[in-house]
Each structure stands twice: as C-alpha cells, then as structure tokens.
Number of protein chains: 2
Amino acid sequence: MFEFFAQYLVEKGELTQIELELIRQAAVSKKVRKNHYLLEEGKVSNFIGFVANGCFRLFRKGEDGQEYTMKFAIENWWISDFTSFMSGEPSNCYIEALENSELIWFSREIWDHLLATIPNFKRMIDSLTAKNFEANQNRIFSNISEPAEVRYDNFVNKYPTLYNRIPLYMIASFLGITRETLSRIRKQAAKK
Amino acid sequence: MFEFFAQYLVEKGELTQIELELIRQAAVSKKVRKNHYLLEEGKVSNFIGFVANGCFRLFRKGEDGQEYTMKFAIENWWISDFTSFMSGEPSNCYIEALENSELIWFSREIWDHLLATIPNFKRMIDSLTAKNFEANQNRIFSNISEPAEVRYDNFVNKYPTLYNRIPLYMIASFLGITRETLSRIRKQAAKK
DNA sequence: TCCCTTTATTGATAATTGTCACATTCCATT
DNA sequence: AATGGAATGTGACAATTATCAATAAAGGGA
C-alpha cells in the first residue's frame, strides 16, 4: 500500500530512500468504506490524505440543501478541506468515499513536521499547492466565461478517468448545472 | 506613500521597526495611470504589488474575445497574477489600472528574499495566501450553487467599497453574467 | 435471479439569462 | 456650458437552463 505512495513520491518529488523512510514511519494507512465520510461539516479538517486507492468527493451543502461538489479525488490525488486545514476552523464541507478506498493519512502535526524536516517534500507540496491554485483560477474562469456544454467537454477531456466512474449528477453539481441539463448536453454531444 | 503600507504591515503582520526598514529598502514605489496595464497576456508576472492607492482589475480574455474579470484590487490589497508568479510561466491575464494608482512594488527576487529573511513577513503572507485560497473556494461554490441575483447581493455586501467605484459591466463579468442581466437584477432589487 | 434502491433519461413547461438594437445617462474634456 | 464617448438602461425576442413529473435503466444485496 505504501509502495504505491512511495513511487509517487519518488517520481514527483525525487525523494531519497532516507526521506521515504521518514515519511513511511509518519504515514498512517486508513481505509474508508463506500458512502462513509472522512470529514463532516462542523469538524476541523485536521488531516491530509493521499488517495492510494478508490475515490472521494468533497462537497458543500447549499442554502437550498443541495449538495455541491467542490472536487473529486482518485488515486494519486490529495484530499482534505485545505481551507479548514490551514485555518484550523471548522469545515463547511463533507468528504465522502464514493468507493471503498484506501488513504495514506497524515495528521496536521505530522504533516507540518514532515514539511519542516524534508525540504524535497516541502518543495513537492509547494509545487502542488501552486498547481491547485492555478486549477481553482481556471475553474473560476471556466464558470464565468464558458457555457455549460463547453464546461462539460473540458471536464471530460481533463479528467478522462473520472467521468465514467462517478455518478453524473455529481458531475453536474461540480459544473454548476442540474442533472437533467447534463443529461441533455450529453444527448446533444452524442449526435456529433 | 510607504507609510500607508508600513501601517498595514504593523497591523496585519506585527512587524518590528527593524523588519519594516528592511522592507522599506526593498520596496519600489510605482505609479500606474488609469487605463494603463501593469501586466499583459504573454508576459511573466514577475512582481507582486501592494495597492497603496487606486484600483486595479485582473482579467482574462475568453474564447469569445470578451474580457472576464478575475479579481479587483483596491487599497490594502495585493495584486499580481499569482499563477504566473509562482510558475514563472507567461500569464494569460491582464492587470489594468481603473484609476490613477500607486503601488508598492516587489520583484520576484526581492520578494523571495524578504520571505526568506523576515519570518513575520512570511507568516503574514502565508496567512493571506490561505485566505486567498479560501476566497477562491467560496467563489467557486457561489458560482455553482447560487443564482445570479444572490451572487450580486453577496458581492455588494462583501465589497461595499467596491461596487460603486467600478463599472457595472466589470462586476457583471466578475459574476459571470452579462451587463444587461445585471442591470435588470439591480432594477428588481431596487423595488424591494 | 429477483427485487429494490439509486441513477439517468425524457417530456412539458416555466424561469432565467443572453443577444441585439436602441435610448438614456453619466462623465471627462474642451 | 457644450460635446462626444463611454457606460448604463430598456424592450423584444431567442436561447439556455431549471423545475416538476414520470419513466427507464443500472447496480447492489438478499
């Protein structure tokens, strides 16, 4: 299980064997069963998880009671409510396992310690944080500038391994449209 | 001019006089005239600016050639294309002065040096970065979960000093609607 | 396999938003 | 104060999307 993560660390972060060993000792394996929650609204997101296996979604509940998907995470992605993690304030998000999943799990204390003691790890995470920021910017731009059909096309192209693994109504809420509209967009697209 | 910035640093970052002096020496004052650009698409955002005076907008051009406002910045706000700043890649954004404005301007080299040598400054910036991340999350959530009228109301409540200082069509593009729709939303709201 | 729950599709209709054309208002400059 | 350009408002209509209701399809236990 950890080996999968170790491979990621070597590829992405160019970590040495010694550094890997430090992380291995700090890491906790965690299984989350389908439909169970890793985080619920009101609780502080005191962890960061690396998805070794399975699939998660992070969502918020709107004024209308509906669930709005903020992000998905599959293998090789990191999952947490980073806002709550950074602020230490209670989260307004839920993190739900969409499949039986396995995580490499780090508490806040351990995470901070790893960042402070392993420069290569910190470099890797800083780089990911920058990418994450960029992705958020792009998503905002997409939301304000592109019609729903284009947003869906881009989603499919960007996450080819996601769109046939996740219920469509979650993708719809991620894109900011209703499931019915997504259904019709797909029907249109199929004609072409 | 710098005094305005110094006050901000003391309030937000609790910087000492010695630290202030280091920053003062590193800072460059810069004036940007109304309608002039601080950054244009294709160029690297090699700076971070603190708005001492005036107003800026950061926007991207859509496929349709339209300008979509990604953010505004007035006094006490920071302005840069952080995506390009962090990656070193050419920006896809423009930063335009909406008024005659004054900046405290830091080159990337100086910025990195300040962060590395002044822990209080780094702490302050890290905190702002976290807030910025949170704001982006909230904006995404707003875009996918709230109707235009609510988004506009929230905008007005959140940025009371902004909405009567900036052309409405820029606010419309920030919210992801056309100016005509915003005009009608405002008309509706006025009735209540 | 069958049944039940969840998910997806579809139709009809309403609400929202966009587009285009034009009128009006607001400002900055002379 | 006059003028021209930018910004905003408005009306008519089209396109998009939401809502509601019902059906169909898919998937997961017992």
Side-chain angles (χ1 to χ4, degrees), chain A residues 33-37 54-55 57 59 62-69 72 94 96-101 142-156 162-192, chain B residues 33-36 54-55 57 59 62-69 72 96-101 142-156 162-192:
Chain A
R33 304 203 58 195
K34 180 172 177 174
N35 296 330
H36 286 233
Y37 289 87
C55 182
R57 75 192 259 244
F59 69 87
E63 289 291 331
D64 54 4
Q66 291 266 57
E67 299 175 354
Y68 292 92
T69 301
F72 299 105
Y94 300 78
E96 179 191 14
L98 302 181
E99 307 170 0
N100 292 333
S101 306
S142 173
N143 281 334
I144 65 178
S145 73
E146 295 170 347
E149 185 183 345
V150 175
R151 294 208 299 282
Y152 174 68
D153 285 346
N154 290 347
F155 181 88
V156 171
L162 260 183
Y163 83 98
N164 49 6
R165 186 172 170 179
I166 285 173
L168 288 171
Y169 72 88
M170 294 184 187
I171 295 176
S173 86
F174 181 91
L175 297 174
I177 55 179
T178 60
R179 33 203 161 86
E180 293 93 336
T181 297
L182 180 55
S183 189
R184 286 174 184 120
I185 285 173
R186 285 160 53 84
K187 193 179 178 184
Q188 289 293 337
K191 287 184 183 171
K192 297 171 185 173
Chain B
R33 304 204 58 194
K34 181 173 176 173
N35 296 329
H36 286 232
C55 182
R57 74 192 262 244
F59 68 87
E63 289 291 331
D64 53 4
Q66 292 266 58
E67 299 174 355
Y68 292 92
T69 301
F72 298 106
E96 178 191 15
L98 303 180
E99 308 170 0
N100 292 333
S101 306
S142 173
N143 280 335
I144 65 178
S145 73
E146 295 170 346
E149 185 182 346
V150 175
R151 295 208 299 280
Y152 174 68
D153 286 345
N154 290 346
F155 181 88
V156 170
L162 260 183
Y163 83 98
N164 50 6
R165 188 172 167 178
I166 284 173
L168 287 172
Y169 71 89
M170 292 184 188
I171 295 177
S173 86
F174 180 90
L175 297 173
I177 55 179
T178 60
R179 34 201 159 87
E180 293 92 338
T181 297
L182 180 55
S183 186
R184 285 172 185 123
I185 285 174
R186 285 159 55 84
K187 193 180 178 183
Q188 290 292 339
K191 286 184 184 171
K192 298 174 187 172

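Order of the sequence lines sets the chain letters (A, B, ...), proteins ahead of strands, with each chain counted from 1. Both backbone and side-chain heavy atoms feed into the values below; hydrogens, waters and symmetry mates do not.
Distance from the side chain of B:Arg184 is smallest to C:dT19 among D:dA18, C:dT19, C:dA8. Nearest nucleotide to the side chain of B:Leu168, out of D:dT8, D:dT10, D:dC20: D:dT8. Side chain of A:Thr178, nearest nucleotide from C:dA8, C:dC20, D:dA18: D:dA18. For A:Tyr169, the side-chain atoms get nearest to C:dT7 when compared with the rest of C:dG18, C:dT7, D:dT8. Comparing D:dG9, C:dG18, D:dA18 against the side chain of B:Ser183 picks out D:dG9 as the nearest. Distances from the side chain of B:Ala148 to the nucleotides C:dT10, C:dG18, C:dT17 place C:dT17 closest.
The closest side-chain heavy-atom distance from A:Met170 to A:Phe59 is not below 4.5 Å. With contacts defined as side-chain heavy-atom distances shorter than 4.5 Å, the pair A:Ile166/A:Cys55 qualifies.
For A:Thr181 and D:dA18, the shortest distance from a side-chain N or O to OP1 or OP2 is below 4.0 Å.
Note: CD (B:Glu146) to P (C:dT17) measures 12 Å, nearest angstrom. B:Asp64 places its CG atom 12 Å from the C1' atom of C:dG18, with the value rounded to the nearest Å. Across the protein-nucleic acid pair, B:Ile166 atom CD1 and D:dA6 atom C1' stand 17 Å apart, rounded to whole Å. When the P atom of D:dT10 is taken as reference, atom CD of B:Gln188 falls 11 Å away, rounded to whole Å. Straight-line distance from the CD atom of B:Glu96 to the P atom of D:dA6: 13 Å, rounded to whole Å. Following rounding to the nearest Å, B:Arg33 (CZ) and C:dA28 (P) show an atom-to-atom distance of 14 Å. The NZ atom of A:Lys187 sits 16 Å away from the P atom of D:dT17 (whole-angstrom rounding). Here the C1' atom of nucleotide D:dT17 and the CD atom of A:Gln66 are 15 Å apart, to the nearest Å.
In this structure, A:Arg179 reaches neither bases nor backbone, as no heavy-atom distance under 4.0 Å exists between it and the strands shown.
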Check step by step if side-chain contact (heavy atoms from CB on, under 4.5 Å) holds for B:Arg151 and B:Ile177. CA-CA 10 Å; B:Arg151 295 208 299 280; B:Ile177 55 179; 3.8 Å; yes

Apply side-chain contact (heavy atoms from CB on, under 4.5 Å) to the pair A:Tyr94 and A:Glu67, showing each step before the final yes or no. CA-CA 9 Å; A:Tyr94 300 78; A:Glu67 299 175 354; over 6 Å; no

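The structure places CZ of A:Arg33 at 13.5 Å from CD of A:Glu99, a figure rounded to the nearest 0.5 Å.
A residue-by-residue look at A:Gly176 and B:Met170 shows that B:Met170 has its nearest nucleotide of DNA chain D further toward the 5' end. Mapping A:Leu182 and B:Pro167 onto DNA chain D by nearest heavy atom places B:Pro167 closer to the 5' end of the strand.
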